[in-house]
Structure formats: C-alpha cells, structure tokens
Amino acid sequence: MITAATNSRLSRRVLWGIILLYILPGLFARAPWTPDDAVGFGQAYTLMNKPFSEWALSFIGDRMYAEDGLLAAWLSALLGLLAKSLGAPLHWIDDAMRLGNVVWLIVAGWAIWNTTYRLARRAELQPEDPFGNAPTRVDYARAVADASVLCFISTLGLLVRSHFQVPEVAELAGISLLLLASVRSLDRPIGAGWMLGWGIAIAFFARGWSHLIPFLGLLLISSSTHSSLRFGLLRRLSRAGLVAGSLILLWFIWLISQPKGNVWWDSWNQWNYTRFLILNPEDSMTWDKLKITLKNLAWFLWPTLPLATWAIWRYAKAFSEPAIRLPMAGTAAGILVLIITNPADEANYLPLIAPLSVLAAIGLSTLRRGLTSLIDWFALLWFTFAAGLVWLGWSAATFGLPEKMARNFEKLSPGYVPSLSIIEISVALLATAAWIRLVIWRTGKSSSAGALWRPLVLSSGGITLIWLLLMTLWIPRIDYAKSYAPVATRIKAELQKAEALKIGKELNKAFGKEPAADLCIGDYNLSLPQRSVLEYHSQIRFVHSPNPEKLKQCSFLLLADSTRSGMKVRAAFAAEHERNWTEIWQGGRNSDRKEKLFLFVKATKPETAASP
C-alpha cells in the first residue's frame, strides 16, 4: 500500500544525473558510424555546407535523399555551423551535431513526465486509502511521473538509437508531445490545441506522415468518443491545424521554389506511401514476420513492455476512463504502425515507447511485492554480470587476457593497437563503484522503501552503467571498427602520390573552405553511409553517377563492391570501362574484409579499339 510516509519524490539531482549519464556518453570522441548514424550525419553535413535558402530539401553530397524528414538534420546542421563558427576542429563537428539528440530526448522525457503527472492526479488513478494515510494527489502524481522517466530511459531498445543521428528520435519527441496535448485537453480543452499543433509539426518534419496518421487518427477517435475529451474538440483541432498547417504550408512553398523541389516532393511522398507495406500483399504482415516482431519487441521494450502489460490487465475495467484510454490509444497506434509498416525495422518500434512508459508507471502502484523483487533481482544479476563481461572484454582487448576472448577481438578489429586512457579508466571505475553503492542502497533499508520509482532504479542505473562502460572502455576499438576515417586517410595519401593531379596542397585546406573545383572523386556504387563519411573525413568533393562515362570531369574514381555479392560490380566495370581508368589502390576497413573499395585514376591515353 502506498502511504504518505513511504511515498517520496526522486531527488532532482539523482534524476538529472541518471538522465545526463545516460544521454551524454557515446555522443562524443567518435566518428559517425555506419550505416544509420552515417546517413543522418551526411544529410546534416550536406545542409551545413549549403546556403540556408537551399535547406528546404535534403541531399547527401550531390545525391538527392528523399527519405525520413528534415527536422533532425536542420537542428544538427545548425549545431555544426555553431561549432564551426566557434573555431572547432573538423573532428569535433560531428560531435556537436549529435547534441541535437540531447534536445529531442529531453523534450520526449519532459512530455512523458508531464503526461504521467497530469494523469496520475486524476481520481481514478489514486491509490486506495482505507485508513486515510495516502499521499496527496500532487505528491503521488510526482512520484508516478518520476517513475515514467525511469521507464523511458530503462527501455533497452532506446539505448543505442538515441545516441545515433537518426530522425526517429525527433519523431519520438513529436509523438510524446501529441500524447501530452491529448492529456492536457482534459483540463485545458482549448489551449491544448497549440501544443497538439507543435507535436504534429515535429512528428511530420521528423519522419513524414506515415507514422503520424495512425497516431492522430486513434487519438482523435479516443477523444471524440468520450464526453470529457469531446468538449472543445473542434476549436482544439482548429488551433492545431493553424499551427501545423501554417508551418507545413510555408515549408511546401519554400520547397517547390527550389530547382529540384517538385522531384524531391514526389519522391518523398512515394517513400511515405511505400512504407505502408499492407498495401502490398507480398510485403504485409505474415505469421512468420509476426513471430519475429514479437521476439524483437520482447527485448527492445524491456522492462517497459511487461510493466505496461501488467497495467493494462490491472486496469482492464477502467478502459473508459481518460487516464487509461489515452495512453492505450497511443499504444494501439504504435502497434498499428508496426502492422502496416515494416515490422523488422527497429526505428518503427520507437513510437511505442512514450505511451508504454506512461502505462508502465501507472501500473507500478499495483505491483505485488513478489513482482517488484523479481524485477529488482533480475536487474541486479543481469547488469552485474554484463558489467563483469565488459570489464573482462576490456582486459582481453588491452592485455590479451583471457587469450581466447582476445583472439575473438582481434578477428573483429584486426590491426587495432590498444592504448590506456587514465581518464576513461577512471570514469569506468567510478561508474562501477556507483553501481555497487546503488545495489547496496536498493537491497538495504531506507526511507524510500515504498517509493513507486524504487523498482526501476536498478534497471535505469544498470542500463546507464553498461552504456557508460562501453563508451569508455570499448569505444576506441568500436570506433576503429566502425569508422571510415582510416580509409579516408589512405585515399588522401594515394591522391597525393598520384602524378595525374599535382594539387596535393589543396588536400590540406583549412576546414570550411570549398575544395578546388577540379579536385573530385567519381562516386561509383558507394552506399549512402560510405559516401557521407568518406566525403567528410577526406574533405574532397565526390560526384555521383551510375555511369562512369559521366564522371570524366573527375580525375579519380572510387568504386565500392563486396565479396558478399560476388564482386559483380567490379567485374562489370573492368569489362566495360577499365580501359579509361587505371587502378592505383584497393582496400577497405580492416573490420570488414568482405567490403572492398577500389581507387582509379583517369588514364592519360585511353586505349582505342583496333580498326577492322
């Protein structure tokens, strides 16, 4: 039973400490990682190097990119420009861009906290009080809201993607605002329309309209079928339409004024349309896909999903109440998104996190002591074991002990030379000591023994611990395996040695200046992630064309292929075009031996076919 004596708010310092330790590690001191992180970075980096008047549509280099949205790229590009104006070196630019994730996660967390707080104050969610010693509505609501934020950052699947430069993090912020606006309509039925409009705009500009439509539709249905939510609905929607419609209309006018605006608009809408796989019977949900999706959801949404499931079962008789109806509508919309779009794409799971975090926190007050202990002990044993594995892996990678594990690391990142960083080791030791202290506090007796958020402290703290250890002890090796910076360095060295283009001094221009107009590399079959990071690290202009004959303005050509596909692209190039190009280098990342890159220089005297 929740009483005033046992109910307590989580310290703001502790809460913000957990949030910052969760968000900040992994954003800095690394290069953009392929594939998803590199694509988001390339989109923003291209915008950063264009005039602001051309930001209405997105490219990666000279290749049109009509997928996802523009909002995350806009913010990242602005942060990159700010870092550049402050004199930041080149390798800090991508670090500055990833600070945009901090903004979106804080917006999402703020919206989830306020959504839960407003719902938990309602009479239908107050704990039973037969003896008159229950906490006040405000104190209880704050404790439940604190728990919702812990649920949010404890979600396993959010951990990695929230540190990548991907648009779904911004979309999650927009959907969280949509949910909050729906809840605010209970006590501010007219004013909530402004926030609803901003939520629609953020979700739309973050990742298009294919996810937005199910959420808007189900929240609208839920609101229109309940008297408390139906009051002021039309005026609320008119205000939301004014905000979102005005922003979208201004962007559309700006877009079609661009030279390739109409083409981008058609391609982007086609991308949104094709995401509805249910329209294609061959790609729609099948029983096998459903089983795979359920398995993925089980780990991706742990521990939020089982806690939310408990809340749904516990409040099954209260579905008609707005406090349960609204987060349930958001959950149903997230499930609908999975059914009608690609269930194998982890990015499509993120919209579920906001409503499930709210439901999970609401259900905590009804958890039995046995379930609470089970969650605690699972988190304690699992995260302690995982932390031990991280330290053991670091020992193997750094000192070669144990030998078997060290050999496996060498296979994953051959050629890596380990080094010791006192700062990183110190941070890792402090994090481990903090975990031990947290475990002692959680398993001991304290004044917070009955606090609602207490069962989630070990889960959120454990997630933060593992991520902090990985981003201190393992990040140099992970960055070595995922980064294209060494490849770009080798390509630049080959260009400087080539006698066909004697402008090696141009390769060392200060960051921020345009490369020489005649210095370019033909991009032949490079993937978008490869194109993004190679252009960034080399600071050389790439020109794309599927036909090498159209790349004659460049003195060099870079071809990408893979042994996974049987090197078919390389073979076809050799048969049709190699008489005009001379191979001067081939290589790739040491961590991926199947991926191959070939650098060619234009032949000075192309061979001609013999006369009959």
Side-chain angles (χ1 to χ4, degrees), residues 104-105 107-120 122 124-125 144-145 147-158 162 168-186 192 195-196 199-200 202-203 206-207 211-223 226 229 293 297 300-316 318-341 346-364 456:
W104 303 125
L105 286 173
V107 169
W110 172 83
I112 290 171
W113 191 96
N114 278 277
T115 299
T116 312
Y117 174 74
R118 290 175 179 274
L119 292 178
R122 296 184 61 82
E124 59 264 28
L125 291 184
V144 178
S148 69
V149 175
L150 294 181
C151 286
F152 175 61
I153 64 176
S154 296
T155 306
L156 280 177
L158 180 67
S162 64
E168 52 264 29
V169 182
E171 182 187 43
L172 176 60
I175 288 173
S176 301
L177 285 176
L178 283 179
L179 192 59
L180 174 58
S182 300
V183 171
R184 286 190 69 187
S185 65
L186 290 168
M195 179 174 287
L196 182 63
I200 293 171
I202 290 175
R207 207 156 177 252
H211 283 181
L212 180 60
I213 290 176
F215 273 89
L216 268 181
L218 285 176
L219 287 175
L220 180 60
I221 293 172
S222 180
S223 299
H226 193 279
L229 297 167
T293 301
L297 286 175
F300 191 94
L301 296 174
W302 178 270
T304 308
L305 181 60
L307 291 175
T309 304
W310 167 265
I312 293 170
W313 179 81
R314 180 63 179 77
Y315 289 100
F319 280 177
S320 61
E321 299 293 341
I324 302 299
R325 171 188 288 259
L326 289 174
M328 274 298 299
T331 302
I335 295 172
L336 182 61
V337 164
L338 286 181
I339 294 174
I340 65 178
T341 60
E346 292 181 3
N348 294 332
Y349 298 169
L350 262 70
L352 274 166
I353 294 178
L356 287 178
S357 296
V358 175
L359 283 172
I362 288 173
L364 283 176
L456 292 166

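These numbers come from the heavy atoms of this one structure, side chains and all, not from hydrogens, waters or symmetry mates. Bear in mind that the values here come from a model prediction, so they are computed numbers and not experimental data.
Considering only heavy atoms from C-beta on, W113 stays 4.5 Å or farther from L180 through its side chain. Two residues are said to be in side-chain contact when any heavy atoms from C-beta on lie closer than 4.5 Å; L350 and F300 meet this criterion. Between L301 and L156, every side-chain heavy-atom pair lies at or beyond the 4.5 Å cut-off. Counting only heavy atoms from C-beta outward, the side chains of E124 and P322 approach each other to under 4.5 Å. Side-chain contact check for L356 versus L305: some heavy-atom pair is nearer than 4.5 Å. Within the 4.5 Å cutoff, no side-chain heavy atoms of L172 are placed close to those of W104.
A centroid separation of less than 6.0 Å is found between the aromatic rings of W313 and W310.
The nearest pair of heavy atoms linking L177 to G199 is CB-CA, 3.9 Å. When all heavy atoms of L212 and A203 are compared, the pair lying nearest together is CD1-CB, 3.8 Å. Contact detail for C151 and L456: the closest heavy-atom pair is SG-CD1, 3.2 Å. Listed here is the closest heavy atom pair of V107 and A173: CG1-CB, 3.9 Å. Across all their heavy atoms, N348 and R207 have their closest contact at OD1-NH1, 3.4 Å. Looking at every heavy atom in both residues, S222 comes nearest to L326 through OG-CD2, 3.9 Å.
Residue R118 holds its CZ atom at 12.5 Å from OG of S182, rounded to the nearest 0.5 Å. Here the straight-line distance linking atom CG of L216 with atom CD1 of I175 works out to 9.5 Å at 0.5 Å rounding. Taking NE2 from H211 and CG from L338, the interatomic distance works out to 8.0 Å, rounded to the nearest 0.5 Å. One finds the OH atom of Y349 at 4.5 Å from the OG1 atom of T293 (value rounded to the nearest 0.5 Å). R184 contributes atom CZ, which lies 13.0 Å from atom CG of L179 (distance to the nearest 0.5 angstrom). If you take CZ on R314 and CG on L364, they are separated by 13.0 Å, rounding to the nearest 0.5 Å.
Checked options L307, T309, I312; the residue passing with L359 is I312 (criterion: side chain to side chain contact (heavy atoms under 4.5 Å, CB included)). When T116, N114, T115, T304 are each tested for a side-chain hydrogen bond (donor to acceptor under 3.5 Å, both in side chains) with S148, only one passes: T116.
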Verify side-chain contact (heavy atoms from CB on, under 4.5 Å) between L125 and V144, making sure each step is shown before the conclusion.
CA-CA 10 Å; L125 291 184; V144 178; over 6 Å; no

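For the side-chain hydrogen bond (donor to acceptor under 3.5 Å, both in side chains) condition, the pairs that include at least one residue of residues 324-333, sequence neighbours left out, are T225-R325.
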